[in-house]
**Q** 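Supplied in structure tokens, the structure appears directly below.
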Amino acid sequence: MLRNDEWIEKQATTHAMIEPFVPHLVRFSPEGEKIVSFGLSSFGYDIRVADEFKVFTNVYNSIVDPKHFRDDSFVDMKTDECIIPPNSFALARSVEYFRIPKTVLAFCIGKSTYARCGIIVNVTPFEPGWEGYVTIEISNTTPLPAKIYANEGIAQVVFFEGEPCKVSYADRKGKYMNQVGIVGPMV
């Protein structure tokens, strides 16, 4: 039986489950500076946040409604450091592209480094058969602005293997299949 980290590496390299795949935990930049870690960990995979963000703004004083979400509620940014206003949130995407096998369900949870600063990361499960870049919701629960570092770790993905599901996310043509950029709410 493979250890969890060996299983993840085998899936990533043999079945392109994670691209790009980093086979070890990276804790320092090429310049030797400490960063929020990413890559293969002992029991999961720490994903990175890309440099594309949609920061929530309520300039139109609208109601947040998932059935009628206004795209102009976001300010699009491409930056190495994203500042999220107090008590607000941003959407981002992962650097990594995922292809989840029909035998796997993955959960993504925020990294403790950000959580200890009042920054909460919410990502829904990666269902069997789902494929795409991960849209990440980053909430700043503090009364102060919060900084997010692009191309560094943001969350950890934990994988669970089981029997193949009867109907995969791809089979039922899930609405968030093959995400490329940051995808907002759809009903």
Side-chain angles (χ1 to χ4, degrees), residues 12 16-22 26 35-39 44-100 105-111 113-115 117-142 145-159 169-170 172-187:
M17 185 173 73
I18 305 168
E19 287 186 306
F21 176 75
V22 179
V26 177
I35 61 171
V36 182
S37 61
F38 64 88
Y45 190 87
D46 292 7
I47 62 173
R48 292 171 282 177
V49 63
D51 62 355
E52 302 167 25
F53 298 89
K54 289 182 175 285
V55 179
F56 182 74
T57 180
N58 197 8
V59 294
Y60 299 107
N61 202 24
S62 59
I63 294 172
V64 177
D65 181 348
K67 290 184 178 183
H68 306 285
F69 197 86
R70 293 179 58 147
D71 287 335
D72 61 2
S73 294
F74 288 115
V75 174
D76 292 339
M77 304 175 94
K78 189 168 176 69
T79 180
D80 290 333
E81 297 177 354
C82 178
I83 305 297
I84 301 175
N87 302 307
S88 190
F89 76 98
L91 295 181
R93 74 165 178 88
S94 63
V95 168
E96 295 82 4
Y97 189 90
F98 286 84
R99 291 175 190 85
I100 305 299
L105 174 68
F107 288 103
C108 191
I109 54 177
K111 290 180 66 74
T113 299
Y114 279 121
C117 297
I119 300 166
I120 308 302
V121 175
N122 184 33
V123 178
T124 57
F126 305 176
E127 294 188 42
W130 176 80
E131 179 177 325
Y133 289 99
V134 180
T135 296
I136 305 164
E137 187 262 339
I138 307 164
S139 293
N140 176 6
T141 65
T142 75
K147 187 184 288 189
I148 306 300
Y149 295 90
N151 298 304
E152 294 188 23
I154 193 72
Q156 183 178 77
V157 181
V158 181
F159 302 89
Y169 195 80
R172 63 181 162 93
K173 298 182 181 11
K175 61 187 169 194
Y176 298 112
M177 187 69 173
N178 299 313
Q179 297 180 146
V180 175
I182 301 168
V183 178
M186 294 187 273
V187 178

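Note that this is a predicted model, so its numbers are computed, not measured.
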**Q** Shortest non-hydrogen contact from Lys111 to Ser37?
**A**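 Scanning both residues, the minimum pair turns out to be NZ-OG, 3.1 Å.
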**Q** Are Val157 and Glu96 side-chain neighbours, meaning at least one heavy-atom pair lies under 4.5 Å?
**A**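 The answer is no, as the side chains (C-beta and beyond) never meet within the 4.5 Å cut-off.
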**Q** With a 6.0 Å cut-off on the ring centroids, do Phe159 and Tyr45 count as close?
**A**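 Not close enough - the centres of the two rings lie 6.0 Å or further apart.
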**Q** Would you mind reporting whether Pro145 and Pro86 have side-chain heavy atoms less than 4.5 Å apart?
**A**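 The answer is yes, as the side chains (C-beta and beyond) meet within the 4.5 Å cut-off.
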**Q** To the nearest 0.5 angstrom, please state how far the CZ atom of Phe89 sits from the CD1 atom of Ile138.
**A**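 Those atoms lie 11.0 Å apart.
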**Q** Excluding sequence neighbours, so at least two apart, what forms side-chain hydrogen bond (donor to acceptor under 3.5 Å, both in side chains) with Thr142?
**A**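 Asn140.
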**Q** Would you give the length of the straight line joining atom CD of Glu19 to atom OH of Tyr133, rounded to the nearest 0.5 angstrom?
**A**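 Between Glu19 CD and Tyr133 OH, I get 8.5 Å after rounding to 0.5 Å.
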**Q** Without placing hydrogens or testing angles, list every side-chain donor-acceptor pair under 3.5 Å for residues 118-131, not counting sequence neighbours.
**A**
unit_1	atom_1	unit_2	atom_2	d
Glu127	OE1	Arg172	NH2	2.3
Glu127	OE2	Arg172	NH2	3.1
Trp130	NE1	Tyr176	O	3.0
Glu131	OE2	Tyr97	OH	2.8

**Q** Lys147 versus Cys117: any side-chain heavy-atom pair under 4.5 Å?
**A**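 No, too far: nothing below the 4.5 Å cut-off.
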**Q** Should Phe53 and Ile84 count as side-chain neighbours, where that means a heavy-atom distance under 4.5 Å?
**A**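 Answer no - side chains too far apart.
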**Q** For Phe74 and Val55, run side chain to side chain contact (heavy atoms under 4.5 Å, CB included): C-alpha distance rounded to whole Å, both residues' side-chain angles, the deciding distance at 0.1 Å, then the answer.
**A** CA-CA 5 Å; Phe74 288 115; Val55 179; 5.8 Å; no
**Q** I need the minimum non-hydrogen distance between Val134 and Phe98, along with the two atoms involved.
**A**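 The pair with the smallest heavy-atom distance is CG2-CD1, 3.7 Å.
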**Q** Side-chain contact, heavy-atom cut-off 4.5 Å: Tyr149 with Ile35?
**A**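 Of all side-chain heavy-atom pairs linking Ile35 with Tyr149, none is under 4.5 Å.
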**Q** CZ of Arg93 to OG1 of Thr135: how many Å apart, nearest 0.5 Å?
**A**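 The OG1 atom of Thr135 is 9.5 Å from CZ of Arg93, to the nearest 0.5 Å.
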**Q** State the CG-CD1 distance between Leu91 and Ile182, to the nearest 0.5 angstrom.
**A**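 One finds 6.5 Å between CG of Leu91 and CD1 of Ile182.
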**Q** Looking only at non-hydrogen atoms, find the nearest pair between Arg48 and Pro20 and report the distance.
**A**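 Residues Arg48 and Pro20, closest heavy atoms: NH2-CG, 3.6 Å.
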**Q** Is the closest side-chain heavy-atom distance between Asn151 and Val95 below 4.5 Å?
**A**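 Yes, at least one pair of side-chain atoms sits under 4.5 Å.
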**Q** Side-chain contact, heavy-atom cut-off 4.5 Å: Ser94 with Gln179?
**A**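 A side-chain contact under 4.5 Å is absent here.
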**Q** To the nearest 0.5 Å, what is the distance between CD (Gln156) and CD1 (Ile109)?
**A**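 It is 5.5 Å, given to the nearest 0.5 Å.
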**Q** Would you compute the distance between atom OH of Tyr114 and atom CD of Glu152 and round it to the nearest 0.5 angstrom?
**A**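 Rounded to the nearest 0.5 Å, the OH-CD separation comes to 6.0 Å.
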